[in-house]
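Structure record follows, encoded as C-alpha cells.
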Amino acid sequence: MDIKAVERKWQGIWEKTKFNHFDPKSDKPKHYVLEMFSYPSGAKLHIGHWYNYGPTDSYARFKRMQGYNVFQPMGFDAFGLPAENYAIKTGVHPKDSTEKNIETMEGQLRAMGAMFDWSQEVKTCDESYYKWTQWMFLQLYKKGLAYRKEAPVNWCPSCQTVLANEQVVENCCERCGTPVVRKNLTQWFFKITEYADELLSGLDTLDWPEKTKAMQRNWIGRSTGCEIEFECETGDKIRVFTTRCDTAFGVTYVVLAPEHPLARKLATPEQMAAVEEYIDYAARASEIDRLSTTREKTGVFTGSYAVNPMNGKKVPIYLADYVLATYGTGAVMAVPAHDERDFAFATKYSLPILKVIENPNGETVLPYTEDGIMVNSLSFDGLMGEEAREMVSKHLSKLSKGGKKVNYRLRDWLVSRQRYWGAPIPVVHCPVCGAVPVPEKDLPVRLPYEVEFKPDGKSPLAKCEKFMHTTCPKCGGEAMRDPDTLDTFVCSSWYYLRYADAHNDRAPFDRDAVDRLLPVDTYVGGAEHACMHLLYARFFTKALRDMGYLDFDEPFKRLIHQGVILGPDGNRMSKSHGNVVSPDDYVEQYGSDAFRLYLMFGFSYTEGGPWSDDGIKAIAKFLDRVEKLILKVKDEQAGENEPYGADEKALNYARNFAIQRVARDMEAFSFNTAVARLMELLNAASKYDALERKNVTLLKATVKDLILLLAPCAPHTAEELWEIWGGKQSVFAQDYPKEDAAALVLDETEYAVQVNSKIVCRAMIANGMTNEEIEERAKSLPEVQARMQGKAVKKCIVVPGRLVNLIVG
RNA sequence: GCCGCCGUGGCGAAAUUGGCAGACGCGCAGGACUUAGGAUCCUGUGCCGCAAGGCGUAUCGGUUCGACCCCGAUCGGCGGCACCA
C-alpha cells in the first residue's frame, strides 16, 4: 500500500464530504471530544501534540462508530509571551509570526488525519474572538467579579510583567525560571475566591483523575478555624485567624505581617525607626531569599500591646515576615508552646512560652502541636480537640470578639499583564469618572499593530499614543485606555464554549448551540494545567451560569491526562538536553496511521515514558499482515456445507472476545491493550486461514470485523482496506461491531486446580457444573489424588471459570 | 516537612481489582525458504536447574484457603504544595 497516497486520498475525501463536520441536525446522541488546543509555536508538531491528538482522535472515531454524533473541534491559543519575545529578538511582529505558525500547524494537523471539525476553528488572537474575551471581562465586571485593587503582586523581572499565583513555581516565574519579586501594584483581579467552596465541592461530581482533583483541593486549601479580635491600646482592632482556638490562652504575643495596614500605625515613637527598618528589610528579603525554607525567623517589636479577649491579658505586638500578608487576616496570635514557628520565634526573642495543652498519652514536650487537653485555660480546662474549639469559638461569638471562620489558600486571579500580545483590557481611565468599562457596542478594543514592545516594565500599549488616548464613555472627556492586556488564561477559559458557535458575531455563543453541545464529554490534555486552566475554566463556567448564560455547573465531565513522552534518555525533551525526537521522519517513513498506532501501543497512555522506536516496525508489519490477509480472503468463495466445529468455535470466540475487549479498552483510554487485542484477532484469523478446510463465511465475517475494529486506530489504512474489501461508503459510516454474547460462552473452561492453594494441574471443566460436581471432578484427577493420599477434603473453594482449590489435611 | 502517585522479565508493558503473574509486542535463540537476508514464515524464551523440582511482582512483616492487588514498617523514584497560622 502506498501509504502517503492513501493518506492524501482519504483526507481529500473526508474534506470534500465534510465528513469531519458536526451535524447539528442529527438525532444521534452528541459526544463532545475535546483536546486542549495548541499554542502556535514556531516549531512543527512535536511528539507531545501527536500523543495528545492521535490516540484521542481514535477515541473520537470510536465513539462515532458507536453511534454518537461526535464533535471534535480544534483551534489555537494564539496570544502569549513566546511570540512577543520572538518579536523582541527578531523584529518579526507577533501577529505575523503567529499567523504564519498557525498556517503551518493547520497543515500538519490536517496531515495527521484527525477528524477535527475545522469549520468551527477558533483563534484567540482574532478580533472576532477577543472581542468576546473582552465581553467576558465586562460581564464579570458588571457582576462584581472583576475588580481593581492595589496589592502585593508577583513580578517577573525578566518577562517584565505580573504573574498570577498559579504561574509562580517555587517562587520563580513558571515560564522563564527567574525568581519573582513582590511589588505593590494596582491591577485587575477576578474574584475566583467567591467560588472557592463550589470549586471544591464540584470536584466530587467529576470523572477526573483523583490526582488532579487532589491538586485542586490542595490549591483551594480550605481551612476551617476561628477569627479572634485583639484590641490595641490605640483602639485599633487586630483580627487573627487560627485553626487552634483551643490554644488561645497560650497566646504570649501577636504578630502582624510587615505589609499589614496597622504595621506603621502601631509603632511607638521609640520603635518607629526599628519598625521602618524592618518593613524595608522584609520587602527586600522577600526578593532575595524567599527560596530558603529553613530561613531563620526575624521580626521586630512595635512597642504596642493588644488584649487577648479570652483572658484579658495584654500581649506585645510584633511584626515578622513569617506571617503572610496575603493569607487570612495577615495577622496571627502566637502560641509558642503549641506551634513550631511561634516556638522558634519566641525562643529567639526570649518571649514567654506558656503551656495550655496537655498530651493525654504521655509527656508533653514543647512545642506540642497535636490535639490535647486544655490546661491553664480557666473554665475551659479539661476540654479537648474539636469540642474544645467549638466551645472557645462559641464563647468568642458571644463576646462579639470573633467566631468560626473558613479561609482559603486560593487567591483572587490577577489578570492584568504588562505585555503586548494579548487581549486589551476593555477599560478607560477617566480623570473624572475613574475606571469606566468600555460599552459593549464599542468592542472590540482593537490591539494596535504598530507598537514598540521592547520591555521596560511598562506595558507596551502605554507607549502607543494612538491607542491610549480616547474619550470617557461616561462623560465624554479626555481619558486614557487601560494599557494592560489580559492573561492568556482568560482566553482559554471559555474557548470550549465558543467552538459551539464559532462564527457568531452577535454574541460569544448562542444559548441553544451551547446547550446542544456542552458540557464537554471527554477532555484530554496535559496534567500541567491542573491548577491553572482547569480551575479558571471551571470558574468561568460557574460565573457564566450565575449570569444566566448557561445552565450547567461544570465544563468538563470527564478528564484524561495523557502522559509525557520523554526523550530517549529519560529526560523531558528539550533543545538544551539535545534529546528532541521529531515525529516527522517516522510519519514520512511509516505513515501517520502507523505512527499513531505505535504511540497507542507502545505506551500506557496516561503514563507516557521515554521515547524508543523499538517496535514501530512491528506496527508497520502488523498493518502489512492485515492487508495481506484481506487481499487473500476477500476473493475466497464460500462452499456448501461449511464446517462448524471446534476450530470455528475458537475463531468465533476470538472474534467476539476482541470486539468486547477492544470496545472496553478504547472506552477506558487503554489503547495499548486495545491494539494488543487487535493483534490477537489477526493472529487467530491468520491461523484459521491456514487451515485446509475452512468456513469462509465465518472467516470473512471475522476479517470484516477486524477492519471495523481497526478503523478508529488506523483511519486511512482502514478506509482503503474497507474499499478493497468492497465495503460501501466510508468505513466510519459503519456500525461498530457488537459482540455476540453466546459466542463467548464456551462448552468448557480450563480451571487451575489447587491442593492447599498450590497449583497441581489444569483441567477442562464443562460449564454449568455445580460446585459439588466440580469438587468431585477435581478429586478424581490423578495429580490431585497423588497429593491427597487419602486425606480428607476440609474445604473446597470454587471460583467459577477460574480455579478450584481443595484444602486437605 | 505535608499531600498524592509509582516500583512487575533483557526492554515497552498486561493482569476481569483478592483467584493460573508476565497477555500483546520488542529483543534474543533455534529452524524453514533462500546466492543472500537487516524480507517473510514457524518454534522456543521470567530466573535457577540436565531433570524432578525450586524461586519469583523493591525489602521485611501481617491478614487470608489464596496477595502484584488489602494492612503496617522500610528503601528507592516521580508529581504537587511548602512559614497557609
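Residue numbers start from 1 in every chain, and the chains themselves are labelled A, B, ... in the order their sequence lines are given, proteins ahead of strands. Quick caveat, the model's predicted, so the values are computed rather than measured.
A salt bridge between A:Glu775 and A:Lys779 is present, with a side-chain N of the basic residue lying under 4.0 Å from a carboxylate O of the acidic one. A salt bridge links A:Lys404 to A:Glu390: one of the charged nitrogens lies within less than 4.0 Å of a carboxylate oxygen. A salt bridge does not link A:Arg664 with A:Glu667: every distance from a Lys NZ or Arg NE/NH1/NH2 to an Asp or Glu carboxylate oxygen is 4.0 Å or more. Taking the charged nitrogens against the carboxylate oxygens, A:Asp204 and A:Arg217 do have a contact shorter than 4.0 Å, which makes a salt bridge.
Between A:Asn218 and the phosphate of B:G79, there is no side-chain N or O to OP1/OP2 separation shorter than 4.0 Å. At B:A14, one or more side-chain N or O atoms of A:Ser604 fall inside 4.0 Å of OP1 or OP2 (strictly under the cut-off). For B:A23, neither phosphate oxygen OP1 nor OP2 lies less than 4.0 angstrom from any side-chain nitrogen or oxygen of A:Arg661. Listed pair A:Asn672 / B:G25 fails the phosphate criterion, with no side-chain N or O lying under 4.0 Å from OP1 or OP2.
Taking the C1' atoms as reference points, B:A85 lies 33 Å from B:U74, given to the whole Å. When the C1' atom is compared between B:C28 and B:U34, the two are found 22 Å apart, to the nearest whole Å.
Across all strands, A:Arg677 comes closer than 4.0 Å to base atoms (heavy-atom distances).
Side chain A:Asn756 to base B:C65: no donor-acceptor pair is found below 3.5 Å.
Considering only the side chain of A:Met679, B:G25 comes nearest among B:G25, B:C65, B:C26. Residue A:Tyr327 places its side chain closer to B:A85 than to any other of B:C65, B:A85, B:G80.
Nucleotide B:C2 forms a Watson-Crick or G-U wobble pair with B:G80, both donor-acceptor distances falling under 3.5 Å. Across every strand in view, B:U17 sits unpaired, with no contact that passes the Watson-Crick or G-U test at under 3.5 angstrom. Across every strand in view, B:U43 sits in a pair with B:A29 that passes the Watson-Crick or G-U test at under 3.5 angstrom.
Taking atom CG of residue A:Asn771 and atom C1' of nucleotide B:G19, one finds them 14 Å apart after rounding to whole Å. Look at NZ on A:Lys617: it is 13 Å from C1' on B:G37, rounded to the nearest Å.
Note on ring orientation: taking the six-membered ring where Trp is involved, the planes of A:Trp413 and A:Tyr536 are parallel (angle under 30°, cut-offs 30° and 60°).
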